[in-house]
Amino acid sequence: MRIEGILLTMVDINNELCERIAEETKNRFSNMVFDARIPRDKKLQEAAYIGRPLLFYDVNSPGAQSYLALAKEIMTRDSR
């Protein structure tokens, strides 16, 4: 087993502390931190509550788009 990377989740771009933590994590672990970040998203909570995958519940939500960006990033890393 190997660690593919570090994923920042529940990111609140309007929270200064959250942004500082993200930057410190990036500085400390550099290339291990994914560029994709999963934001706090009400649609994520709603999809989990009703037991549906977010991509089926609301593919256009910020959370779903962030997970799609993560998937692309992982595929790009693996192809190198």
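Note that these values count all heavy atoms, side chains included, but never hydrogens, waters or copies made by symmetry.
When the side-chain hydrogen bond (donor to acceptor under 3.5 Å, both in side chains) test is applied to Asp41, the partners found at least two apart in sequence or on another chain are Ser61. The side-chain hydrogen bond (donor to acceptor under 3.5 Å, both in side chains) search around Gln45 returns none, not counting sequence neighbours. Checked against side-chain hydrogen bond (donor to acceptor under 3.5 Å, both in side chains), Tyr67 has no partners two or more places apart in sequence or in another chain. With sequence neighbours excluded, the residues satisfying side chain to side chain contact (heavy atoms under 4.5 Å, CB included) with Ile50 are Arg52, Tyr57. Legend: residues meeting side-chain hydrogen bond (donor to acceptor under 3.5 Å, both in side chains) with Ser66, ordered by chain and number and at least two apart, are absent. With sequence neighbours left out, the side chain to side chain contact (heavy atoms under 4.5 Å, CB included) criterion links Asn31 to no other residue. Applying the side chain to side chain contact (heavy atoms under 4.5 Å, CB included) criterion to Tyr49, with sequence neighbours excluded, gives no partner residue.
Rounded to the nearest 0.5 angstrom, Phe29 CZ and Ile6 CD1 are separated by 5.0 Å.
Listed by first and then second residue, the salt bridge (charged side-chain N to carboxylate O under 4.0 Å, His left out) pairs that reach into residues 24-35 are Lys26-Asp35, sequence neighbours excluded. Within the structure, side-chain hydrogen bond (donor to acceptor under 3.5 Å, both in side chains) pairs that include any residue of residues 7-19 comprise Glu19-Arg37 (at least two apart or interchain).
By the 4.5 Å side-chain criterion applied to Ile, Leu, Val, Met, Phe, Trp and Tyr, Leu68 is assigned to a cluster that also includes Leu55, Val59. Other residues sharing a hydrophobic cluster with Met10 under the 4.5 Å side-chain heavy-atom criterion for ILVMFWY residues do not exist; the residue is a singleton.
What you find for Lys43 and Leu54 is that their closest heavy atoms are O-CD1, 3.6 Å.
Side-chain atoms of Glu73 come within 3.5 Å of backbone N or O of Ala36 as a donor-acceptor pair.
Tracing side-chain contacts under 4.5 Å through hydrophobic residues (I, L, V, M, F, W, Y), one reaches Ile3 starting from Val33; they form part of the same cluster.
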Pair Val11-Ile38, side chain to side chain contact (heavy atoms under 4.5 Å, CB included): steps then yes or no | CA-CA 6 Å; Val11 175; Ile38 310 303; 6.0 Å; no
